[in-house]
Amino acid sequence: MRVLVTGGAGYIGSVTARVLSDRGHEVEILDNFSTGHREAVLPGARLHEGSLLDDIFLAGVFERAFDAVLHFAAFSLIGESVADPERYYHNNVTGSAQLLKAVSGTGVARFIFSSSAAVYGESDTPHLTEASPTAPVNPYGQTKLTMEGLLRTAAETLDMRAVALRYFNACGAMGELGEDHTPETHLIPCLLRSLLEPDASFSIYGDDYPTPDGTCIRDYIHVVDLAEAHVLALEGVDRPGLEILNLGTETGSSVREVIDTTAVVTGLDIDPLVAPRRSGDPSRLVAGSELARERLGWRPGRSDLTTIIGDAWAWHRAHPRGYADKSMGR
Ligand SMILES: NC(=O)c1ccc[n+]([C@@H]2O[C@H](COP(=O)([O-])OP(=O)(O)OC[C@H]3O[C@@H](n4cnc5c(N)ncnc54)[C@H](O)[C@@H]3O)[C@@H](O)[C@H]2O)c1
């Protein structure tokens with residue numbers, strides 16, 4: 001299939017573009033490099049450089065015929081979305097609506113969207129399923145939920161097969177492709193970076209949560225497992241309309257467990273500080289992912305903490321300043 005990957009210069013989009021290409025799909029990338037990296041773009045892929053907010057640019061892109069769109073492009077920092085919700089609505093909702101408008105009538109038959117566990121609110125349930133109530137607690141999650149609604153309508157009116165994949169915590173790396181956000185707010189890259197910087201410290205935000213060791217529990221999913229779910233969704237989903245699937249491991253790991261595994265994998269002593277809780281951090285977010293297994297035949301095979309942290313550590317050691325180190329002759 002000829003596939004357009006929006007956000008293909010970003011973390012998850014770049015890995016998925018690589019996996020799609022390895023599967024024999026013809027991949028083209030759309031990105032404006034607002035948070036992405038030129039070094040992460042699939043070598044040899046046609047690059048459409050511009051923004052989803054530019055409708056003339058988008059019309060030009062869709063003069064080419066695509067069988068499918070995988071839509072990763074978005075802003076995704078929760079704190080930033082709280083500080084500047086309008087910017088998030090504009091980029092994520094208006095940008096996505098413009099993309100759907102540009103797709104209309106072009107023959108795109110499949111559309112896969114990067115949604116998020118952030119669409120769920122606070123919950124006491126051990127596993128969040130697709131049937132759990134949606135009640136985002138920040139503007140970022142609200143933009144994702146709004147886009148799901150837009151996509152449902154578009155899929156129904158355009159007779160498209162659409163899938164919204166709600167990822168839990170993406171992590172890990174694939175060879176030369178790794179996680180490099182600015183600022184970085186995700187636990188594993190923050191921890192690994194702190195180990196590579198002399199004099200850097202690392203803080204646990206809250207150790208008084210109602211969990212066995214007092215630290216927050218999350219569901220960590222290897223980026224290659226996520227990429228493979230996209231390929232399966234692209235190739236396998238056959239129902240017109242929108243399907244929503246969680247992507248997680250159904251296993252929660254606490255911050256302390258991540259730190260302990262990191263110490264083993266890196267062979268380094270880690271002595272974290274304990275800071276107060278951050279507002280809006282639920283104590284536990286773990287996916288019920290049975291539906292993705294059933295509908296896609298998906299089995300996340302790399303999402304144990306040792307593999308995730310080992311792959312991420314290899315990437316961070318090779319790129320201590322992220323993709324900026326590309327120029328240093330690696
Ligand atoms: N990283 C996670 O743990 C996680 C979890 C749940 C959902 N998601 C979602 O997955 C997607 C990818 O996340 P990521 O971590 O790879 O993010 P990322 O910031 O690394 O990648 C996003 C890419 O989109 C591009 N982009 C943003 N706005 C654009 C616009 N208006 N026009 C063109 N390009 C634009 C950026 O330049 C970047 O290359 C996002 O939609 C994010 O919300 C991520």
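Every number for a ligand or one of its atoms is a count from 1 in the order of the listing. Both backbone and side-chain heavy atoms feed into the values below; hydrogens, waters and symmetry mates do not.
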task = At a heavy-atom distance under 4.0 Å, which protein residues reach ligand 1? Sort them by chain and number, would you?
result = Gly7, Ala9, Gly10, Tyr11, Ile12, Leu30, Asp31, Asn32, Phe33, Ser34, Thr35, Gly36, Gly50, Ser51, Leu52, Phe72, Ala73, Ala74, Ser76, Asn91, Ser114, Ser115, Ser116, Tyr140, Lys144, Tyr167, Phe168, Ala170, His181, His186

Pairs under 3.5 angstrom only: tabulate donor-acceptor contacts from the side chains of residues 190-202 to other protein residues two or more places apart or in another chain.
from   : atom 1 : to     : atom 2 : distance (Å)
Arg193 : NH2    : Asp180 : OD1    : 3.2
Ser194 : OG     : Leu191 : O      : 2.7

ask   = Is it true that the side chains of Ser96 and His71 contain a donor and an acceptor less than 3.5 Å apart?
value = yes

task = May I ask you to check whether over 12 heavy atoms, not counting those of Arg23, lie within 6.0 Å of atom CZ?
result = no

inquiry  = Test your reading of the model: is there a side-chain donor-acceptor pair from Asp219 to the backbone of Glu250, 3.5 Å cut-off?
reply    = yes

Show which side-chain atoms of residues 165-174 pair as donor or acceptor with protein atoms under 3.5 Å away, not counting sequence neighbours.
from   : atom 1 : to     : atom 2 : distance (Å)
Arg166 : NE     : Glu148 : OE2    : 2.9
Arg166 : NH1    : Tyr120 : OH     : 2.9
Arg166 : NH2    : Glu148 : OE1    : 2.7
Tyr167 : OH     : Ser114 : OG     : 2.7
Tyr167 : OH     : His230 : NE2    : 2.8

I'd like a table of donor-acceptor pairs (distance under 3.5 Å, sequence neighbours excluded) in which one partner is a side-chain atom from residues 266-273, with atom names and distances.
from   : atom 1 : to     : atom 2 : distance (Å)
Thr266 : OG1    : Thr262 : O      : 2.7
Thr266 : OG1    : Leu268 : N      : 3.2

